[in-house]
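Structure record follows, encoded as structure tokens.
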Amino acid sequence: MDSFTKAIKRYLEKRFGNSIEDASERQIYQALMVITRDKLAEKRYHYINKLKESEQKRVYYMSMEFLVGKTLRNNLYNLGIESEVKNFLSENGFVLDKIYDIEPDPGLGNGGLGRLASCYMDALTSQEYPITGFSILYEFGIFKQVISNGWQQEFPDNWLDLGKYGLIYRSDEEVEIKFYGETKEQWTSDGLRIKYEDYTPIIAEPYDLMISGYETDAVNVLRLWKSKASGGFNMRLFEQGEYSKSVESKAIAESISKLLYPADDNNKGKELRIKQQYFFTSASLQQIVKMHYKAYNTLDNLAEKVVIHINDTHPSLCIPELMRILMDEYEYSWDKAWEITIKTFAYTNHTIMAEALEKWSVDLFRPILPRIYTIISEINNRFCKWCKDIGASVDLEEMSIIHNDMIRMANLCIVSSYSVNGVSKLHSDILKKDTFKSFNRIYPGKFTNVTNGIAHRRWLGQANPELTKYLNELLEVDFIKDLSSIENLLEYKSDESVINNLENIKKIKKVQLAEYIKKNTGLTVDTNSIFDVQIKRLHEYKRQLLNALHIIYLYKEIKYNALKPYPRTFIFSAKASSGYVMAKNIIKLICSISEIIEMDPEVRKYIKVVFLEDYRVSLAEKIIPAADVSEQISQAGKEASGTGNMKLMLNGALTLGTMDGANVEIYNAVGKDNIFIFGLSSEEVSDLSERGYRSEEFYQNSSVIKETIDFMRTLDNGDSNFNYMADYLVSRDPYMCLADFESYLEQQKLIEKTYQDRIKWGQMSLVNIANSGIFSADRATSEYVKEIWNIKKVK
Ligand code: 26R
């Protein structure tokens, strides 16, 4: 530790010519980031040497998204030096929390899928498993959301400005990626070879982010690729005075890693997205193969030493890229290359929403990646032939990789991977029984489940130090090391003093959040009210609209039926994909409700609505510990898993949810008396939509629905969109909000009643915390390790 504080002083002197007394917060921040990074890099050196010596199998985790969250606190925490650094800084007049605030969230992801990837990197590193993540160094991460007059606006997130200090540039490991051009077959003395001509080269520059683990020697790496032009700028054009033209090819090349696609709803066939996908998968595969060859002098044993995990279909071009490298660069035959390939890849599916299943049109794809296209096409030909050969009554309409001139990436992944998994029991069952049922028939045993998990060290240990400290003292077990031991808390279920202490901690976190709310929205919220939280991407299937409808109902009852409900604060935070009009309309609706309530002194005594802008990892860390109610109200069958539900449970919030995704497993873990379940089941949803869902019937046949929607219309003031949304619910309602409304209302009433029985609520909350062990990412990643990857710890 002494060396760490010395290093801070030395850095300030050398880099800024400053003593710590004269340093600015910005300089302290930079010093801490750089020294922590370098310390981890040094640890990494020893770890990687052990790994090389042992020649053991490694995992490469491919993902277009990693939502890493802030790194500095996580790293100091993991290195076990947070309190020393804090003391050292405070002796010198600095507050560590204020230094943490300077770090931007690296927003290299949209939502669940990206955050899951980061939770897994953290958990695997803490358990000393060798994993490397691969992704893109987006210059601009997920947009910054500003709410202006109730509407979402997007602004660029220039995170590298201050975020760059965590990265290490590895100039020696640049690779070239080839786009466009033509492939030609050429007969040589060794047989048929492929010649690739007239292609456009782009350079991929590697940047490494160190991933630390908790109390371990392991340090893994997230490698991020940045694009740059292969030849710099055109000097001849510049000399002729054509300044902008001279840098044109540079700008085009750099555009590949410019921006994270802020869409998680539909897959618009964007050329740039294909380029991004190939850019990072090709760079990563080239590096993996090169390293492997260097270590073993052969690629024959690639599948024994390497697993490449594909996080949803976005990195699926890894598959034809490996085939290409094996055949075109290492002269493998198709059969031999294919044998290696199908033993190397494992694929996780994260959504069954049809509009998020990636498909590329052949016409768009082929010119960009001609060689990759021929390989995909050949994989498909052979797959279709194999299907016919085995004679199974197979449905190629459904299974063919290329169909109606579209390339279906999920089909490519299923055919080419040895393992396919869903992310919750329900989701994995739906994949087998429905979405990919024909594949499941011809590939028995290929489909499995690994229910998602969360990095509890971040989501409890760091986000809620008050609760962590208390549980540590009470339980005398190291649940931060092993979350399953948190179940010892069950022993205290009847201990009123424990229930009171837990309640007091919740109160502290609510007060902290209330301060944040005040500062950021100007709203004063009652910390004795129920904090009812829905935080996640804004999506129709997640049904923020159902939540809003309940608030409108309460408003009406307070205003006109003298209802005096137990006070509640409804907290929302969510980004909408920039092109998703309905999602933006829902944000507007929530903001309008918030405003109307705030203007009404009769109503605002009881309910308040807070929309916190710019939802991101660090904001989630503030909201989650303060939540009483966790809204997980997606239409059953639509949410693959959810992971926010787990984080909220771990922090003592009670789930109000449908039987969807991992809610089902939360229900099984806590039992029916410790959760609030409502709504149609996923089978009932399917049946109803098959029979034909007509929301208008629900409107006509239920007085409470009718009155709520009619009242909603009266709130429209021209600037709001209450009428528009009311029409939408009555005429379309694609996710069946109205069908579930009454049952939702019933559970909301039960919540209100239960909350007032402070002991009962406290016991339910305790049971939730105590049973959250299975949702640790340590458990989830152990399942990947044993059931799918077959890797060992580095010792
Ligand atoms: C095609 C493209 C635009 C795109 C589609 C979908 C880009 C990103 C997505 C995001 C999806 C795949 C996603 O985030 N899924 C979420 O994965 C979580 C982790 O498994 C689940 O918990 C969550 O239920 C699921 O929605």
Side-chain angles (χ1 to χ4, degrees), residues 61-67 108-120 135-136 138 142 259-270 272-274 276-277 309-317 347-360 406-410 413 421-428 430-431 435 449-455 535-543 574-580 583 615 620 632-648 657-658 660-666 682 775 777 780-781 783-784:
Y61 201 86
M62 302 289 163
S63 180
M64 283 279 274
E65 303 186 16
F66 282 87
L67 268 177
L108 313 181
N110 280 293
L113 162 129
R115 184 52 228 172
L116 187 79
S118 280
C119 280
Y120 284 1
S135 193
I136 295 174
Y138 301 103
I142 178 88
L259 186 76
L260 170 89
Y261 266 84
D264 65 346
D265 51 343
N266 61 73
N267 149 47
K268 299 205 186 81
K270 287 261 175 64
L272 190 55
R273 190 157 164 110
I274 297 178
Q276 286 191 325
Q277 296 189 349
H309 203 92
I310 301 184
N311 201 27
D312 217 275
T313 56
H314 321 149
S316 55
L317 295 178
Y347 154 61
T348 301
N349 172 285
H350 294 267
T351 179
I352 51 161
M353 300 290 291
E355 55 276 36
L357 289 175
E358 287 189 298
K359 291 188 197 92
W360 301 117
M406 298 296 278
I407 314 172
R408 298 189 283 204
M409 305 319 275
C413 288
N421 75 283
V423 290
S424 72
K425 282 184 186 139
L426 178 69
H427 169 62
S428 297
I430 293 173
L431 290 183
T435 323
N449 171 248
V450 181
T451 297
N452 283 167
I454 56 168
I535 45 174
K536 47 185 80 245
R537 282 299 288 247
L538 213 137
H539 247 288
E540 287 167 272
Y541 83 80
K542 294 178 189 284
R543 299 200 295 191
K575 286 179 183 173
S577 166
S578 50
Y580 190 172
Y615 186 54
Q632 307 300 336
I633 60 177
S634 51
Q635 184 189 37
K638 294 295 186 297
E639 189 69 270
S641 161
T643 45
N645 47 3
M646 302 167 186
K647 296 163 196 166
L648 284 151
T658 47
D660 198 14
N663 297 351
V664 177
E665 285 153 83
I666 294 179
S682 73
F775 299 111
T781 52
E783 289 179 20
Y784 280 99

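Residue numbers start at 1 and run along the sequence shown. Order of appearance sets the numbers: ligands from 1, and atoms from 1 within every ligand. Bear in mind the structure is a predicted one, so any value in this text is a computation, not a measurement.
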Which one of Glu665, Lys425, Glu783 satisfies the side-chain hydrogen bond (donor to acceptor under 3.5 Å, both in side chains) criterion with Thr451? Glu665
Please could you name the atoms of ligand 1 that [X] approaches to less than 4.0 Å, counting only its heavy atoms?
X	value
Gly642	21 (C), 22 (O), 23 (C), 24 (O)
Ala640	24 (O)
Val423	20 (O)
Tyr541	26 (O)

Say whether, by atom type as modelled, one donor and one acceptor occur between the side chain of [X] and the main chain of [Y] under 3.5 angstrom.
X	Y	value
His427	Lys638	no
Thr313	Ala410	no
Asp660	Gly637	yes

Top protein contact for [atom], by heavy-atom distance:
atom	result
atom 5 (C) of ligand 1	Ala356 CB, 3.6 Å
atom 24 (O) of ligand 1	Glu639 OE1, 2.6 Å
atom 10 (C) of ligand 1	Asp264 CB, 3.9 Å

Qualifying residues under side-chain contact (heavy atoms from CB on, under 4.5 Å), relative to Ala117, sequence neighbours excluded: Tyr61, Ser63, Phe66, Asn311
Tyr615 vs Arg537 side-chain heavy atoms within contact, under 4.5 Å: no
Could you tell me whether the side chain of Tyr347 reaches within less than 4.5 Å of the side chain of Met409, counting heavy atoms only? no
Would [X] count as being in polar contact with ligand 1, using the rule that some N or O on each side must be under 3.5 angstrom apart?
X	value
Asp312	no
Thr351	no
Leu113	yes
Leu116	no

Is the shortest distance from a Lys or Arg side-chain nitrogen in Arg273 or Glu358 to a carboxylate oxygen in the other one below 4.0 Å? yes
For ligand 1, the portion of His314 having any non-hydrogen atom under 4.0 Å away: side chain
For ligand 1, does Asn452 get within less than 4.0 Å through its side chain, its backbone, both, or neither, judged by non-hydrogen atoms? side chain
Which residues share a side-chain hydrogen bond (donor to acceptor under 3.5 Å, both in side chains) with Gln632, sequence neighbours left out: Lys536, Ser630
Do Thr348 and Asn421 have side-chain N/O donor and acceptor atoms under 3.5 Å apart? yes
My understanding is that we take every heavy atom of each candidate and find the minimum distance to atom 2 (C) of ligand 1. Doing that for Arg273, Arg115, His427, which one comes out nearest? Arg273
Best match, His350, Met646, Glu358: closest heavy atom to atom 25 (C) of ligand 1: His350
Can a non-hydrogen atom of Gly111 be found less than 4.0 Å from any atom of ligand 1? no
